[in-house]
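Contents: one structure, followed by commentary.
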Amino acid sequence: EVQLQASGGGLVQAGGSLRLSCVASGFTVDNYDIVWFRQAPGKEREGISCISSSDSMTYYHDSVKGRFAISRDNAKNRVYLQMNSLKPEDTAVYFCATEGLEGSDCSGTRSDMNYWGKGTLVTVSS
């Protein structure tokens, strides 16, 4: 059974850093693309970063480009989201998700995600 679990959220001051972790089970993380989404209060869930399965290409939403970095640890079967220079507008519940398709290349949208982990809350204080 494919499962994902996000962790690592917390309360941090603006300018600080956090590293989120997405642990996978039921599949190996280099077989599927892994996408990080976030949902702020009153807003839609948005995709912010993705790492593709086949060639480890990485993608970022403009709002986090240059501040966040996605990476994959195949030995630990997990994907990380390193978040630096955090801003109050980064406050949200963060989720990891996957389409669950081999060879996926981060072209899917939110509706294409077939597996979601429970979110982890990130709160950035000003």
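The shown structure was predicted, so the numbers you read here are calculated from the model rather than taken from an experiment. Positions are given from 1, in the same order as the sequence printed here.
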- [ ] Quick one: do D30 and R72 satisfy side chain to side chain contact (heavy atoms under 4.5 Å, CB included)? Show the steps, please.
- [x] CA-CA 8 Å; D30 58 349; R72 184 167 59 209; 3.9 Å; yes
- [ ] List for me each residue that meets side-chain hydrogen bond (donor to acceptor under 3.5 Å, both in side chains) alongside Q39, sequence neighbours excluded, and say none if there are none.
- [x] R45
TODO: Measure the SG-CG distance between C22 and D73 for me, rounded to the nearest 0.5 Å.
DONE: 12.5 Å
- [ ] Could you tell me which residues satisfy side-chain hydrogen bond (donor to acceptor under 3.5 Å, both in side chains) with S52, sequence neighbours excluded, listed by chain and number?
- [x] D55
Open item on the list: For a 4.5 angstrom cut-off between non-hydrogen side-chain atoms, does I48 reach F37?
Closed with: no
Open item on the list: Check for me, please, whether V35 and L20 land in the same ILVMFWY cluster - side-chain distances under 4.5 Å, paths through other members count.
Closed with: no
Contacts under 3.5 angstrom, residues 92-105 side chains, donor-acceptor by atom type, not counting sequence neighbours:
| from | atom 1 | to | atom 2 | distance (Å) |
| --- | --- | --- | --- | --- |
| Y94 | OH | R38 | NH1 | 3.0 |
| Y94 | OH | D90 | O | 2.6 |
| T98 | OG1 | D33 | O | 2.6 |
| T98 | OG1 | G100 | N | 3.1 |
| S104 | OG | D33 | N | 2.7 |
| S104 | OG | D33 | OD1 | 3.1 |
| S104 | OG | L101 | O | 2.7 |
| D105 | OD1 | S107 | N | 3.3 |
| D105 | OD1 | S107 | OG | 2.7 |

- [ ] Apply salt bridge (Lys or Arg N to Asp or Glu O under 4.0 Å) to K65 and list each qualifying residue two or more places apart in sequence or on a separate chain.
- [x] D62
TODO: Sequence neighbours left out, what pairs pass disulfide (SG to SG under 2.5 Å) with at least one residue falling in residues 42-89?
DONE: C50-C106
Task: Pairwise distance CD(E46) to OG(S63) - rounded to 0.5 angstrom - done: 5.0 Å
Task: Residues clustering with M57 (ILVMFWY side chains joined when closer than 4.5 Å, directly or via others) - done: Y59
With a cut-off of 3.5 Å and sequence neighbours excluded, list every side-chain donor-acceptor pair involving residues 118-126.
| from | atom 1 | to | atom 2 | distance (Å) |
| --- | --- | --- | --- | --- |
| T120 | OG1 | G9 | N | 2.9 |

Open item on the list: Please determine whether residues I70 and M113 belong to a single hydrophobic cluster, defined as Ile, Leu, Val, Met, Phe, Trp and Tyr linked transitively by side-chain heavy-atom distances below 4.5 Å.
Closed with: no
Open item on the list: Working to the nearest 0.5 angstrom, can you tell me the gap between S56 OG and N74 CG?
Closed with: 7.0 Å
Using a 3.5 Å cut-off and no angle test, enumerate the donor-acceptor pairs between side-chain atoms of residues 77-86 and protein atoms at least two apart in sequence or in another chain.
| from | atom 1 | to | atom 2 | distance (Å) |
| --- | --- | --- | --- | --- |
| N77 | OD1 | V29 | N | 2.9 |
| N77 | ND2 | A24 | O | 3.0 |
| N77 | ND2 | F27 | O | 2.8 |
| R78 | NH1 | S21 | OG | 3.3 |
| Q82 | NE2 | N84 | OD1 | 2.9 |
| N84 | OD1 | S17 | OG | 2.9 |

Task: Pair listing, side-chain hydrogen bond (donor to acceptor under 3.5 Å, both in side chains) test, anchored in residues 108-117, at least two apart - done: T109-S111, T109-D112
- [ ] Drop me the distance from L11's CG to L18's CG, to the nearest 0.5 angstrom.
- [x] 9.0 Å
